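First up is the structure itself, then whatever we jot down about it.
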Amino acid sequence: MTTILSSNLGYPRIGELREWKKAIEAFWQGSISEADLKKTTKQLRLQGLRKQKDQGIDLIPVGDFSFYDHVLDTAVAFNIIPERFQHHDPSELSTYFAIARGEANAVAAEMTKWFNTNYHYIVPELKGTAPKLNENRALTYYQEAKDELGINGKPVLVGPVTFVKLSKNYQEKDFEQWIEKLLPLYQQVLQELADAGAEWVQIDEPILGTNLSEAQLSLVEKVYQKLTQEVPDIKIIIQTYFETVQHYQRVVALPVAGIGLDFVHGDNLSLIQQHGFPADKVLGAGVINGRNVWRANLEDKYQLLQGIQEASNVETLLVQPSSSLLHVPVTKVLEQKLDQVVKEGLSFADEKLFEISTLATALKEGKEAVQKDFTASQEAIHNLDQSDYRNQNPEAATKNAQRSLPFSERKKLQHEKLNLPLLPTTTIGSLPQTPEVKGTRTKWRKGEITNEQYEDFVKSETKKWIKIQEDLGLDVLVHGEFERTDMVEYFGEKLKGFAVTEFGWVQSYGSRCVKPPLLAGNVEWEKPITVKEIEYAQSLTDRPVKGMLTGPVTILNWSFVHEELPRFTVQDQIALALEKEVLALEKAGVGIIQVDEPALREGLPLDKLKWPAYFEAAVNAFKIATSTVKSDTQIHTHMCYSDFGAIYEAIDGLDADVISIETSRSHGQMVETFEKNDYDKEIGLGVYDIHSPRVPSVEELLTNIDRALETIDVEQFWINPDCGLKTRKAPETIAALEKMVEAAKIARKRYSKAKQS
Ligand code: GLN
Ligand code: ZN
């Protein structure tokens with residue numbers, strides 16, 4: 001007989017109504033005290049724990065809470081503090097937030113995406129640090145759950161191999177040495193947990209879903225041999241997610257108590273069927289999708305679990321989500337306005353807990369015990385399938401879309417038409433969404449003001465900012481995106497096939513949350529989406545205003561796509577819809593159209609073998625959306641941080657006339673990528689970081705510009721800040737842009753002289 005337990009891997013931090021975000025931001029603004037912040041967040045934590053307990057989850061995660069990011073938590077707990085913050089007391093919350101957000105004389109630590117998700121972690125900087133245990137966080141939270149709620153929780157840790165692998169500022173040859181420095185600290189953490197009575201510990205090693213070298217793999221073996229040997233009285237579960245584990249046989253042979261596998265993404269089931277699973281180990285079966293919000297077909301999942309049970313023959317099976325529920329919203333019960341058929345089809349974190357415990361019951365007591373829940377889940381899926389969202393005859397996508405002229409020729413026509421100066425300046429699209437902007441939108445949503453009043457307000461903001469941009473002397477202007485809460489949600493609201501929630505928030509970075517639209521069916525363009533706003537902005541100025549769209553890859557990646565829909569087909573449908581929007585903008589006289597693809601990099605599969613197919617589909621979709629414009633229409637695209645070396649070919653393949661890249665937190669690295677390749681199209685690298693209120697100096701901006709121009713031809717280069725100005729306040733934005741334009745003017749003089757001589 002197999003023992004069946006239900007387990008969770010992590011619960012959302014943000015609260016049903018984003019109370020977490022609100023409290024943290026209020027604390028940053030000084031309107032609540034640290035004690036208040038701690039009180040509010042504790043209540044939220046306990047609320048989440050209580051729900052898991054009430055749902056009968058056997059293994060409840062603790063220590064998954066964070067004030068910003070769990071990788072940063074791990075770093076600070078181990079005293080891995082970037083050198084520029086080392087003069088602060090590491091135990092102070094202010095130090096922690098300073099690393100994340102920067103302070104007067106120190107830029108914030110770099111932030112990048114957590115594997116292929118839209119969650120961002122703070123990249124630990126190893127150089128110049130002396131690891132020691134500042135705080136056993138896992139123990140603190142373990143104790144809290146025990147004392148307050150009598151829960152014997154399962155502490156969650158970021159594993160040492162994943163942690164070091166995701167860090168920066170160390171040499172590859174020192175990889176082992178860093179792991180060795182951390183090992184005794186992990187050992188101490190585990191020992192203290194064991195002493196306090198913890199039975200299980202979940203150590204997350206999602207890095208095992210990526211392609212590790214032989215040396216790294218043997219290090220994984222060494223690490224877990226050591227940990228199990230030194231701390232025998234706690235049961236370690238190594239948790240992987242998001243992909244098939246690479247090197248399956250070696251991973252499952254690790255001498256730990258259990259291994260958690262993702263049975264939603266990748267194909268771990270085949271591996272078990274092929275190679276079996278050690279019967280004496282606990283198998284964590286991640287069958288409920290931790291990355292998506294659609295209700296599971298419980299009958300299918302039940303069969304999957306039975307298949308897993310048969311193939312693995314284990315003594316103990318954990319029914320669990322495929323990953324932490326951090327990536328999904330808290331509960332669907334608050335949704336009042338949602339189409340009933342969509343709402344029925346959903347499952348957020350709380351509903352997923354129910355699915356998990358239902359499946360565990362089915363395995364323990366037979367599925368008759370929960371038959372009505374099985375039937376309900378099937379009906380919900382069937383009803384959605386039969387609904388308006390699906391009853392369409394989708395248009396087929398074009399293959400191999402191409403601009404009619406090569407870039408070298410388009411460029412001449414575009415320059416003639418636009419007549420921009422050397423080193424043109426621009427911004428990435430959004431401008432500060434002040435409390436007034438957000439407040440007015442809320443009033444409009446609640447019906448307190450009319451459509452017309454709202455539109456007038458948006459217009460007045462646009463008008464104000466067109467004037468500001470003209471006065472600043474920017475060359476290519478933006479309308480400011482005041483009508484958009486979010487770059488994906490906005491299109492989700494307007495395109496057929498999508499539905500949007502009111503409270504379906506998930507954490508993206510720090511306190512920032514996003515509300516991904518739900519992609520329930522086939523996508524269609526019905527009428528112009530952005531033309532009115534851009535046309536209005538353009539009517540106010542002689543300078544070009546960019547049309548501003550979100551690209552197909554990003555809309556797909558940042559939506560919750562129903563699992564029954566083939567992703568690449570849907571991506572092409574979005575691309576076709578966007579093509580219609582692009583052409584509508586062009587027809588309205590818009591000469592520059594920016595199609596943002598910030599999610600292109602993060603969407604990359606963990607397994608490198610899957611990259612070519614992903615790139616091909618992504619590039620093709622982008623080109624479907626952008627290739628049918630006239631040659632003198634300039635297509636821009638924009639992407640956010642990270643390692644561009646890996647996706648360079650795709651960037652080139654997009655054939656966008658201009659790309660802007662957010663890079664200021666890793667400027668040097670980015671420039672190197674372009675050093676190695678001869679990119680011929682135009683490019684703007686973010687010259688300052690907008691994630692903190694700090695106003696950069698002209699010298700600092702010029703240093704970044706100079707560095708870029710060592711490699712990139714001056715004729716190719718644009719000057720812009722990083723993306724996301726909507727998160728900033730107006731005064732600091734204006735002050736920073738002023739410096740940027742000043743730096744551009746100096747650079748322009750310098751480099752046109754250099755060119756002449
Ligand atoms: N146009 C968007 C903006 O400026 C791009 C956002 C992004 O890159 N994530 O906000
Ligand atoms: Zn960006």
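In each ligand, atom 1 is the first atom listed, and ligand 1 is the first ligand listed. Everything numeric in this text was worked out from a predicted model, so none of it was measured. Positions are given from 1, in the same order as the sequence printed here.
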Can you list every pair where an N/O of ligand 1 is under 3.5 Å from an N/O on the protein?
residue  : atom   : partner : partner atom : Å
ligand 1 : 1 (N)  : Ile428  : O            : 3.1
ligand 1 : 1 (N)  : Glu481  : OE2          : 2.9
ligand 1 : 1 (N)  : Asp596  : OD2          : 2.7
ligand 1 : 4 (O)  : Ile428  : O            : 3.4
ligand 1 : 4 (O)  : Ser430  : N            : 3.0
ligand 1 : 4 (O)  : Ser430  : OG           : 3.3
ligand 1 : 8 (O)  : His638  : NE2          : 2.9
ligand 1 : 10 (O) : Ser430  : OG           : 2.8

Set of residues satisfying side chain to side chain donor-acceptor pair (under 3.5 Å) with respect to Lys515, sequence neighbours excluded: Glu489

Check: His636 side chain, Val658 main-chain N or O, donor-acceptor pair, under 3.5 Å: no

Under 3.5 Å, sequence neighbours excluded: what are the donor-acceptor pairs made by side chains of residues 418-430?
residue : atom : partner : partner atom : Å
Thr425  : OG1  : Asp475  : N            : 3.1
Thr425  : OG1  : Asp475  : OD2          : 2.9
Thr426  : OG1  : Val476  : O            : 2.9
Thr426  : OG1  : Lys546  : NZ           : 3.2
Ser430  : OG   : Lys726  : N            : 3.1

Ile24 side chain reached by Tyr68 side chain, heavy atoms, under 4.5 Å: no

Partners passing side chain to side chain donor-acceptor pair (under 3.5 Å) against Glu470 (at least two apart in sequence or in another chain): Thr541

Side-chain donor-acceptor pair present, Ser660, His638, cut-off under 3.5 Å: yes

